[in-house]
Every structure is written in C-alpha cells, then in structure tokens.
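Okay, so here's the structure we're looking at.
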Amino acid sequence: MAKKNLGEMSFLDHLEELRWLLVRSSAAILICATVAFFFSDFIFNEIIFGPKNINFISYRLFCELSTQLDLSESFCVSELPFNIQNTAIEGQVSLLIWTCITAGFIIAFPYLLWLLWKFISPALYEKERKYAKAFVSIASLLFFIGVLFGYYIIIPMSVNFFATFTVSPEIKNDINIQSYISMIKTSVIASGLIFEMPIIIYFLSKVGLVTPSFLRKYRKYAIVLILIVAAIVTPPDVVSQVIVSIPLLVLYEISIFISAAVLKNKEKEQLNA
C-alpha cells in the first residue's frame, strides 16, 4: 500500500495502518521469542536465577557500598533461604513459552519503536521525519538502561528482602516459580518503560499537552508520585527507596529540559513563519 498523507487518510486507512503495525509487531516478537528459545538454558540458569545466588554481582556491590557508607548490614547477603517450586502440571511448559515471549519483546523493542515511528511519522513535519534513527536509538537506549536498572537494582533488593523476611521461624519460604518470574518480568519491563519518560514528555510537548512551566509547577507532586512508585517496587526501607527514586528524579528533570527545548523550537518556527 502506498503511503498516504495524513490529511488524505480516512479513518479506515488509519485502522489498516494500525492493523499492520500490530501484525508486524507480533511477528517480530514471535521471531525473537523463537531465537530466545534456543538460549532458554542460559536465560533461566544465568539470568532469571542469577539474583537467587548470594554471589550475584549486585549483592557484592550493595554490601561494599553499605560498608563504605556505614549503612545497615541488611545489604550484605549471607544467605537467601528460599526454594523455588512448580505446583502446576503444565507450569514449566507455560513458563518457558511466556518467558521466551517476554525476552522476545525486549529483544524486538528497537524494531517495535521503528514501526511506531513509521505509524506516527505522517503527523510530523518533513524535517522531523529525518530523526527516525535518533528516536529509535535514544528510546531503545533508555529502555535497555531501564531494563538493566530493574534487573541489577530493583530485583536484587526485592529478592533479598522477601527471601529473608519472616513472621515466624516455623514458616519456610517455598516460592512458586510463577510468582518469582512474574516479579522479575514486572520489574524489568516496568523499569524499561518508566525510563521512556523523556521520550513521552517530548511528544506530549510537541502536541502542546505538556509545557516546561507545567512540569516545574507540579514538580513537588511528581516527586511524591516518584516516591510512591519507589515504595511500591522496592522493599519498605528508606535506603532502597532513595536508590530507586534518584534516577527517576533525574529523568524528570531531563524531561523538563526536553520540554523547554521543544517549546523554544516552536517559538522559533512561529517567528520564522
């Protein structure tokens, strides 16, 4: 189908473009999931079960940092007293499939962004369409940084807290594998998407829904919201919440700068028009 101008496209044309976006996105995820299947042993044993090992790099770094800063010794992991078990007869098969699909989504993310750019590009100016590579590169980088942040920061803190927390020595922690992996997937994907904040603010600023003055005015509410998010995704201790909150606050400040740059470019365009 030949590419139509946004002004010439009917509602059905938009639906057709959206349909092909979803079809291509699904195909890309399935292809990458198939590739992930051949590396499933590495994905499970080295990546998914990595935070279960007390020698995991994050635990060593947390311990060294807490020792240097004279913080709580709870960041030094000596044991993780829990076992992982499967309680459903089809559980491991289902687990393998959905883990590969999740890995496929993460691997295919840059291509998904490129498809999204192609979908929205008719609504952009001609000179803005030239920024496709920059958009895909920056958005992908932010997503993967978020994924790494979730994996190396949020997950180890959560595993350490929940594995060692107990209300009675009579209760042993036998963790359901679905629960364990669900926590990992949620933390990783959510962190990746949260780190897309500057990109989201950029497009909201382009369409006039967000301005730098608006972001500055509601900064204090944003800080409260960020602290709430940090409290939800981390163990209930102040140090963990601060560790997670800092990069989110930095992203918010970067978003204000981006919104200001967008507004400045708009004003220049209006003066030159």
> Taking a hydrophobic cluster as the set of Ile, Leu, Val, Met, Phe, Trp and Tyr residues connected by side-chain heavy atoms closer than 4.5 Å, whether directly or through intermediates, do F214 and L225 fall within one such cluster?
Replying inline: no
>> Other residues, nucleotides and ligands only: do more than 12 of their heavy atoms fall within 6.0 Å of CD1 on I89?
In response: no
> If you measure from CG on L142 to CE on M197, what distance do you get to the nearest 0.5 Å?
Replying inline: 10.5 Å
> CD1/I101 to CD1/I29 distance, rounded to the nearest 0.5 angstrom?
Replying inline: 8.5 Å
>> Can you confirm whether more than 12 heavy atoms, excluding those of Q85, are under 6.0 Å from its CD atom?
In response: yes
>> With rounding to the nearest 0.5 angstrom, report the CD1 to CG distance, I201 to L251.
In response: 10.5 Å
> Is there side-chain contact between S191 and I154, with heavy atoms separated by less than 4.5 Å?
Replying inline: yes
> Can you list the steps and then say if I175 with N83 is a side chain to side chain contact (heavy atoms under 4.5 Å, CB included)?
Replying inline: CA-CA 6 Å; I175 308 299; N83 298 314; over 6 Å; no
> Is there a path of hydrophobic side-chain contacts, each under 4.5 Å between heavy atoms of I, L, V, M, F, W or Y residues, that connects Y111 with L18?
Replying inline: yes
>> Is there a side chain to side chain contact (heavy atoms under 4.5 Å, CB included) between I153 and F62? Walk through the geometry before answering.
In response: CA-CA 9 Å; I153 304 297; F62 289 161; 4.1 Å; yes
> Aromatic ring centroids of F143 and F195 under 6.0 Å?
Replying inline: no
>> Distance check, rounded to the nearest 0.5 Å: I258 atom CD1 versus L263 atom CG?
In response: 14.0 Å
> Does NZ or CZ of K52 fall inside the cone over F82's six-membered ring, less than 6.0 Å from its centre and within 45° of the axis?
Replying inline: yes
> Hey, does P51 have a side-chain heavy atom less than 4.5 Å from the side chain of Y180?
Replying inline: yes
> Do I177 and Q92 have side-chain heavy atoms sitting under 4.5 Å apart?
Replying inline: no
>> I'd like to know whether the aromatic ring centres of Y218 and Y221 sit less than 6.0 Å apart in this structure.
In response: yes
> Can you hop from L113 to L30 via hydrophobic side chains spaced under 4.5 Å?
Replying inline: no
> Does some side-chain heavy atom of M157 sit less than 4.5 Å from a side-chain heavy atom of V159?
Replying inline: no
>> In terms of relative ring orientation, are F109 and F105 parallel, tilted or perpendicular, with 30° and 60° separating the classes?
In response: perpendicular
> Which heavy atom of L96 sits nearest a heavy atom of S40, and at what distance?
Replying inline: CD1-CB, 3.7 Å
>> Treating S140 as the side-chain partner and V136 as the backbone partner, does any N or O pair qualify as donor plus acceptor under 3.5 Å?
In response: yes
> Minimum heavy-atom separation for I106 to I189, with atom names?
Replying inline: CG1-CD1, 3.7 Å
> Side chains of P156 and N160: does their closest heavy-atom pair fall under 4.5 Å?
Replying inline: no
> Would you say the side chain of S205 lies within less than 4.5 Å of the side chain of T211, judging by non-hydrogen atoms?
Replying inline: no
> Parallel, tilted or perpendicular for Y151 and F56, by the 30°/60° rule?
Replying inline: perpendicular
>> Is the distance between the ring centroids of Y252 and F257 under 6.0 Å?
In response: no
>> Keeping R24 on the side-chain end and L115 on the backbone end, is there a donor-acceptor pair under 3.5 Å?
In response: no
> To the nearest 0.5 Å, how far apart are CZ in F135 and OH in Y202?
Replying inline: 9.5 Å
>> What's the separation between atom CD1 in I31 and atom CD1 in I107, rounded to the nearest 0.5 Å?
In response: 12.0 Å
> After noting the C-alpha distance and the side-chain angles of V244 and F149, does the key distance pass the side chain to side chain contact (heavy atoms under 4.5 Å, CB included) rule?
Replying inline: CA-CA 9 Å; V244 172; F149 181 79; 4.2 Å; yes
> Is any side-chain heavy atom of L80 less than 4.5 Å from a side-chain heavy atom of Y59?
Replying inline: yes
> Which heavy atom in I256 sits nearest to a heavy atom in P212, and how many Å separate them?
Replying inline: O-CB, 4.1 Å
> Got a sec: does the CG of L148 have more than 12 other heavy atoms crowding it under 6.0 Å?
Replying inline: yes
> Looking at C32 and A108, what are the two nearest heavy atoms and their distance?
Replying inline: SG-CB, 3.7 Å
>> Minimum heavy-atom separation for F37 and C100, please, with both atom names.
In response: CA-SG, 3.6 Å
>> Between N173 and P81, is there a side-chain heavy-atom distance shorter than 4.5 Å?
In response: no
> Looking only at atom types and distance, does a side-chain atom of S26 sit under 3.5 Å from a main-chain N or O of L22, one as donor and one as acceptor?
Replying inline: yes
> Should the pair F49 and F44 be assigned to parallel (<30°), tilted (30 to 60°) or perpendicular (>60°) ring geometry?
Replying inline: tilted
>> Please find the pair of heavy atoms, one from E196 and one from A139, that lie closest to each other, and give the distance.
In response: OE2-O, 2.5 Å
